[in-house]
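Indexing begins at 1, ligand by ligand and atom by atom, following the structure's order.
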Amino acid sequence: MAEKLWKGRFSEKTAPVVERFTSSIDFDRRLYRYDIEGSIAHCRLLARAGILTPEEEEALIDGLNRVRREIENGTLAFDDTLEDIHTHVEARLTELVGKASPKLHTGRSRNDQVALDLRLYLRDVVDEAVRRLEDLQRVLVRLAREHFEVLLPGYTHLQRAQPVRLAHHFLAYVEMFARDVARLLACRGRVNVLPLGAAALAGTAYPLDRAYAAELLGFEGISANSLDAVSDRDFVIEFLAAASICMMHLSRFSEELVLWSSSEFHFIELPDAFATGSSIMPQKKNPDVPELVRGKTGRVYGHLLAQLTMMKGLPLSYNRDLQEDKPALFDAADTLLSCLEVFGQMLPGLRIRRERMEAALRSGYLNATEMADYLVRKGLAFREAHHVTGEAVRLAIEKGCELNELPLAELRRFSKLIEEDLFACLEPRSAVERRAVVGGTAGPAVQSALEAAERRLGMAGEGDG
Ligand code: ARG
């Protein structure tokens, strides 16, 4: 059994059940790269402060790099009695370099070490999530361009409401994902702060140059309070909140893909490579990928709530409860990244059933607002126009036809303002093109939104060809 880091103070051995219960190696081993990167920076600090000789510094850094290679090759065995990744790295380092190794922990505690590892890890996760969100937005922008002239019903209350461009619908998700990126980047600023130097809680007693450490590790700031530095997990919670909102967006999108690929809508078909069949019903093609994205959203919300609850009763500063941050954070990060990846790869293969979308515009009185607006243009007050149109809709429902199928003479019974030119206004495309306001669904408005998205995503020129 390995010796404990705290063996000096204890006369009894740790109970095996406690070893298993407190061990975090099963999950925190994935921090090994960051732990070693942080330890290398710490070696440089110790050498700069004259605590390590240049020879010791080089021996330790060589040793740390060897430990990293052993972990990467899978030759280093992990073991509960060594508790966590920090202890594993140090124990193996001692075997490799001998007497300089115990000096590595001078002026440092696992409390500032684990905060450091977690920040380095999360910084990489945020950068990867931003990359994937930008890829996904590019995919949507390309779809919007490709299907620029396709119209479909826009819905409120899941009832057909007014016709919109499919491109406008896709660009709505681009807006959501752009906000997700902004949230992640704001969170990144608070992740990217160096905790090293806080030591256990009160600050290190050695003259360590923290600014130099921040520079070595690419941190933008240095924690201003050591108690806060070892016990702050706001950055984890902020990430979980940003991840939850992003998952919510992916889940709404998933719900639409599930609906749209059903026989009831049949607006789209998912690529075969991204759908699954049934073991019993030969005709089935199931949207399991969007269903699973929707299903996994709950897990990420759960992790956010778990972390808020885990933190709420903690007195300053470090408490072991904080170890629970890692399984939650890792699972949320893995879930978010995999959902973004699968979405980005699935969407380009989407088959758009334009004929089905446009056929759906032909029934459901999506042009009722157009008739009211027509009457307003002819001088009627909107309330009155709404009422007149409502009566016409009722008549059409009774007759089992659409507004534009009512004869002009019948329509004129409701208002003498109605003339032959009404019918052109009732066409879905003219309804769409009248919505020319900034942020609307008319061609020029969507075109400028597309161009703005392309500029933001560095795609300028792609649409010219
Ligand atoms: N496994 C611990 C964690 O994740 C590392 C820090 C341990 N510190 C301590 N004082 N026991 O928080």
### Query
Regarding Arg108 and Ser39, is there a side-chain donor-to-acceptor distance under 3.5 Å anywhere?
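Checked: Arg108/Ser39 side chains pair up, N/O donor to acceptor below 3.5 Å.
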### Query
Looking just at side-chain N and O atoms, do Gln113 and Asp35 make a donor-acceptor pair shorter than 3.5 Å?
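There is such a pair between these side chains.
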## Note on the structure
Output for ligand 1, non-hydrogen cut-off under 4.0 Å, lists Ser24, Asp84, His86, Arg110, Asn111, Val114, Tyr318, Arg320, Gln323, Lys326
### Query
Is Tyr34 close to Asp124 at the side-chain level, that is, under 4.5 Å between some pair of heavy atoms?
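Heavy-atom side-chain distance check passes, below 4.5 Å.
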### Message
By the definition ring-ring contact (aromatic ring centres under 6.0 Å, His included), identify the one residue from Phe267, Trp260, Tyr155, Phe253 that meets it with His169.
### Response
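Testing His169 for a ring-ring contact (aromatic ring centres under 6.0 Å, His included) against Phe267, Trp260, Tyr155, Phe253 leaves exactly one candidate, Trp260.
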### Task
Sort and list the pairs that fulfil ring-ring contact (aromatic ring centres under 6.0 Å, His included) and have at least one residue in residues 52-107, not counting sequence neighbours.
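Qualifying pairs: Phe78-His88.
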### Cation over ring face, Arg119 and Phe219, 6.0 Å, 45°
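No, a cation-pi geometry is absent between Arg119 and Phe219.
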